[in-house]
Amino acid sequence: MNSRFAPSPTGYLHIGGARTALFAWAWAKNQQGKFILRIEDTDLARSSKASVAAILEGMSWLGLDYDEGPYFQTEHFERYKTVISQLLNSGKAYYCECSEKRLQELRDGLMAKGEKAKYDGHCRHKNLSSGVVRFQNPAAGNVVFTDLVKGKISVNNEELDDLIIARTDGSPTYNLTVVVDDFDMKIDVVIRGDDHINNTPKQINLYQALGWKLPDFAHLPMILGADGSRLSKRHGAVSVMAYREAGFLPEALLNYLARLGWSHGDKELFSTAEIIELFELKNVNKAPASFDADKLLWLNQHYIQTAPAQHLLDELAWHLQKNQIEITNEIDIFKVIESLRKRSKTLVEMAFGLKMFYQDFTTFDENLGKKHFKNKAPLELLLAKLMVLEAWTAAEIKAIIEKVAEELSVGFGKVGQPFRLALSGDGNAGSIDLVAELLGKDKVLKRLQMALEF
RNA sequence: GUCGCCUUCGUCUAUCGGUUAGGACCCCAGGUUUUCAUCCUGGUAAGAGGAGUUCGAUUCUCCUAGGCGAUGCCA
């Protein structure tokens, strides 16, 4: 059982496309069939190599691996040409030379009369031999099909017109190429966005004219922005890679996308393997869904808290490189990750929190410094006691902080907070005793000294 | 305009005609806590409107409204 993802390379891989890919991928894997990637690049003017690369990059990051492809429709032009002449020869398609102007006037006129704007078949019996090629759609009857997510859909042929299947330059158009490729690639279920529902009856007529067996269709509802309108740039990030940049884990995005329009009872958390195992088209929701950034963030936090440290490090590496943070052997990165994971919602936050362990700083946050370094006594006492501390462990360090607080008759916070600022520079750090242990005696003493000079 | 699709808490969703309509995110309250977090407990909150079928409709049918999509020599 095969499915495919067929993006047109006119931009990056966006959230909606990624979900379509995910569902098609999950379905094929669930069926133990093939997932095929096909690039629909027949619009030469709008397609670009950069977009192809961006789409492949997005899919690769998400781990949506394909069993075949990427195929490019531009490599199938001969095949399309053959099919088009077959249609022409059998009288199921014809040339049309109507000018753009005539077509426009025709549309305007019909619309003004309150009728469906469609081609009137002007050139149908002219026996022309140049121009665009139109498919002769059946004039009457209904096209009925059972969509695997939407159910029964019926469209009257009177609503459909003779669609163009080849442009003046001979190049094929979308409705023809999908039909040919889906047939040739033995696609069992065409899984795609529901903006294609209206094309489906036309394609079904094409299949029938060609005498080909129909695939099943499954049309996925759209993803809307938080305000319920079509997802666009003003809703924030729409590109998959923008989520990588924002510090999301691919499994979090995948889990989120899976639950957007699909469900398995009350289950919220799905590993990638579980998505494959449990995915069923019949559990896909019919209604469009709004993108909720808060829930995605919650999932990301969940996966940051539970993922193996090595995996976190692998994903983190990209961010560290981007921020020019270099991990050294001096401090155990895994211990640092453990100390950070509970307080990081994104990898960006984690990378940021990691900085203080591997990069020295020269200044403290001005405002916080004024507040916490005003009274030097806690830091002086801390420094004196830590300097002579032999067993450099969190427990010992904590005992010293408590002792300092006791000697000065202040609360733990009065010592801990200045200490935290001294070590981090910006006040953002976790359990201060643990942070101090990880940082190591040298750096701790140095930074305390620096704080005293503030 | 015309055609198609859709409609359960603010959001994502569950519900095989009979449920106090459940879960999750968000939000709020309380608890744990060395900042910020995490974590735990509890809470607020929904069947678009109107007919019909039925002993009984969120669930089936129809109408209306609203949203989205299509109406391209884009895909």
Side-chain angles (χ1 to χ4, degrees), chain A residues 6-10 40-43 45-47 73 96 98 100 103-104 107 110-118 131-134 147 150-151 153-156 158-161 163-175 177-178 192-202 219 221-222 224 226 228-230 256 259-269 283 285-299 301 305 340-345 349 353 368 372 398 401-402 405 411-417 419-421 424 427-434:
Chain A
S8 60
T10 53
E40 308 219 320
D41 55 351
T42 53
D43 185 345
R46 297 200 308 158
S47 299
Q73 291 195 315
C96 165
C98 289
E100 222 169 292
L103 260 17
Q104 192 56 51
R107 273 194 287 267
L110 287 168
M111 289 255 277
K113 277 196 287 181
E115 287 174 35
K116 179 85 179 177
K118 60 171 200 169
V132 300
V133 177
R134 285 184 184 272
D147 189 275
K150 303 271 185 177
I153 292 174
S154 170
V155 174
N156 196 307
E158 286 171 25
E159 298 299 328
L160 275 24
D161 66 355
L163 68 148
I164 292 171
I165 54 175
R167 303 181 180 94
T168 307
D169 66 3
S171 65
T173 61
Y174 170 71
N175 283 297
T177 60
V178 254
R192 71 217 320 186
D194 71 3
D195 47 333
H196 287 288
I197 279 197
N198 297 286
N199 289 322
T200 308
K202 301 178 196 172
H219 287 97
M222 306 209 66
L224 309 175
S229 71
R230 188 177 188 150
Y256 179 71
R259 275 294 283 108
L260 200 59
W262 174 76
S263 61
H264 184 77
D266 284 340
K267 194 170 166 60
E268 292 289 347
L269 266 14
N283 290 329
N285 206 75
K286 291 180 184 190
S290 291
F291 193 88
D292 181 6
D294 282 334
K295 189 161 181 182
L296 206 212
L297 199 58
W298 169 72
L299 279 166
Q301 176 180 296
Q305 283 188 38
L340 249 26
R341 75 195 309 165
K342 276 215 160 31
R343 53 201 317 101
S344 307
K345 283 190 165 74
E349 285 177 18
L368 290 174
H372 296 296
K398 185 177 182 182
I401 297 172
E402 280 166 346
F412 192 105
K414 291 279 183 214
V415 184
Q417 201 47 30
F419 193 19
R420 174 172 285 111
L421 179 63
S424 64
N428 289 310
S431 258
I432 190 59
D433 48 355
L434 180 60

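A note on names: the letters A, B, ... follow the listed sequences, proteins ahead of strands, and every chain is numbered from 1. Keep in mind the model is a prediction, meaning the values are calculated, not measured.
- Between A:Phe412 atom CZ and A:Asp433 atom CG the span is 6.0 Å, to the nearest 0.5 Å.
- Other residues, nucleotides and ligands place more than 12 heavy atoms under 6.0 Å from the CD atom of A:Gln104.
- Taking a pair to require two hydrogen-bonding distances under 3.5 Å in either a Watson-Crick or a G-U wobble arrangement, B:G67 pairs with B:C5.
- The partner of B:U38 is absent, by the rule that a Watson-Crick or G-U pair needs both atom distances under 3.5 Å.
- Under the Watson-Crick or G-U wobble criterion, with both distances below 3.5 Å, B:U11 is paired with B:A24.
- Atom pair A:Met111:CE and B:C3:P shows a separation of 13 Å (rounding to whole Å applied).
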Under a 4.0 Å heavy-atom criterion, the protein footprint on nucleotides 4-14 of chain B, written with B, S and -, is SSSS---BBSS

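- Rounded to whole Å, the C1' atom of B:G67 lies 23 Å from the corresponding atom of B:A75.
- Under 3.5 Å, the side chain of A:Thr173 and the base of B:C73 form no donor-acceptor pair of N or O atoms.
- With both ends at atom C1', the span from B:U41 to B:C6 equals 39 Å, rounded to whole Å.
- Residues meeting the side-chain hydrogen bond (donor to acceptor under 3.5 Å, both in side chains) test with A:Thr177, sequence neighbours left out: A:Gln73.
- Rounded to an integer number of Å, the gap from A:Ile165 CD1 to B:G72 C1' is 16 Å.
- Residues passing the side-chain hydrogen bond (donor to acceptor under 3.5 Å, both in side chains) test with A:Asp147, sequence neighbours excluded: A:His219.
- Residue-level contact check: A:Asp161 touches neither bases nor backbone, having no heavy atom under 4.0 Å from any strand.
- Within the nucleic acid shown, A:Met222 comes within 4.0 Å of sugar-phosphate atoms alone, with no base atom in reach, counting heavy atoms only.
- Within the nucleic acid shown, A:Glu40 comes within 4.0 Å of sugar-phosphate atoms alone, with no base atom in reach, counting heavy atoms only.
- At the heavy-atom level, A:His196 lies under 4.0 Å from base atoms of the strands shown.
- Atom CZ in A:Arg192 sits roughly 13 Å away from atom P in B:A70 (whole-Å rounding).
- One can place CG of A:Asn175 at 11 Å from P of B:C73, the figure rounded to the nearest angstrom.
- Note that OG1 of A:Thr200 and CZ of A:Arg192 are 4.5 Å apart. Values are rounded to the nearest 0.5 Å.
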Sugar-phosphate or base contact per nucleotide [nucleotides 36-50 of chain B; S, B, -; heavy atom under 4.0 Å]: BSS------------

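- On the P atoms, B:A45 is 23 Å away from B:U59, given to the nearest whole Å.
- Spacing between B:U34 and B:A48 at atom P, rounded to whole Å, works out to 49 Å.
- Remark: P of B:U71 and NZ of A:Lys202 are 6 Å apart, rounded to the nearest angstrom.
- Rounded to whole Å, the P atom of B:G18 lies 25 Å from the corresponding atom of B:C12.
- Straight-line distance from the CD atom of A:Glu115 to the C1' atom of B:U71: 14 Å, rounded to whole Å.
- Nucleotides B:A46 and B:A21 have their C1' atoms positioned 9 Å apart, rounded to a whole Å.
- Between B:U58 and B:U53, the two P atoms lie 16 Å apart (nearest whole Å).
- The backbone N or O of A:Glu349 sits nowhere less than 3.5 Å from a side-chain atom of A:Arg343 that would complete a donor-acceptor pair.
- The same atom, P, is picked in B:A65 and in B:G50; the two are 15 Å apart, to the nearest Å.
- Residue A:Lys267 is classed as having no contact, given no heavy-atom separation below 4.0 Å to the nucleic acid.
- In this structure, A:Asp41 and A:Lys118 both approach RNA chain B, and ranking their closest nucleotides by distance from the 5' end singles out A:Lys118.
- Nucleic acid contact for A:Arg107: sugar-phosphate only, since backbone atoms but no base atoms lie under 4.0 Å from a heavy atom of the residue.
- Between A:Thr177 and B:A75 there is no side-chain polar atom (N or O) within less than 4.0 angstrom of OP1 or OP2.
- Side-chain contact between A:Ile197 and A:Ile153 is present, with at least one heavy-atom pair separated by less than 4.5 Å.
- Across the protein-nucleic acid pair, A:Leu296 atom CG and B:A24 atom P stand 19 Å apart, rounded to whole Å.
- When rounded to the nearest whole Å, the span between CZ of A:Arg420 and P of B:U33 equals 16 Å.
- Counting only distance, with no hydrogens or angles, the side chain of A:Lys342 and the backbone of A:Gln305 share no donor-acceptor pair below 3.5 Å.
- A donor-acceptor pair is defined here as one N or O able to donate and one able to accept, closer than 3.5 Å; such a pair exists between the side chain of A:Lys118 and the backbone of A:Glu158.
- Here A:Lys295 pairs with A:Glu268 under the side-chain hydrogen bond (donor to acceptor under 3.5 Å, both in side chains) rule; sequence neighbours left out.
- Residues satisfying the ring pair (Phe, Tyr, Trp, His ring centres under 6.0 Å) criterion with A:His196, sequence neighbours excluded, are A:Tyr174.
- Within the 4.0 angstrom heavy-atom criterion, base atoms lie near A:Gly427.
- Within the 3.5 Å criterion, the main-chain N or O of A:Arg46 finds no donor-acceptor partner in the side chain of A:Thr10.
- Nucleotide B:U32 forms no Watson-Crick or G-U wobble pair with any nucleotide shown, as no partner meets the under 3.5 Å limit on both distances.
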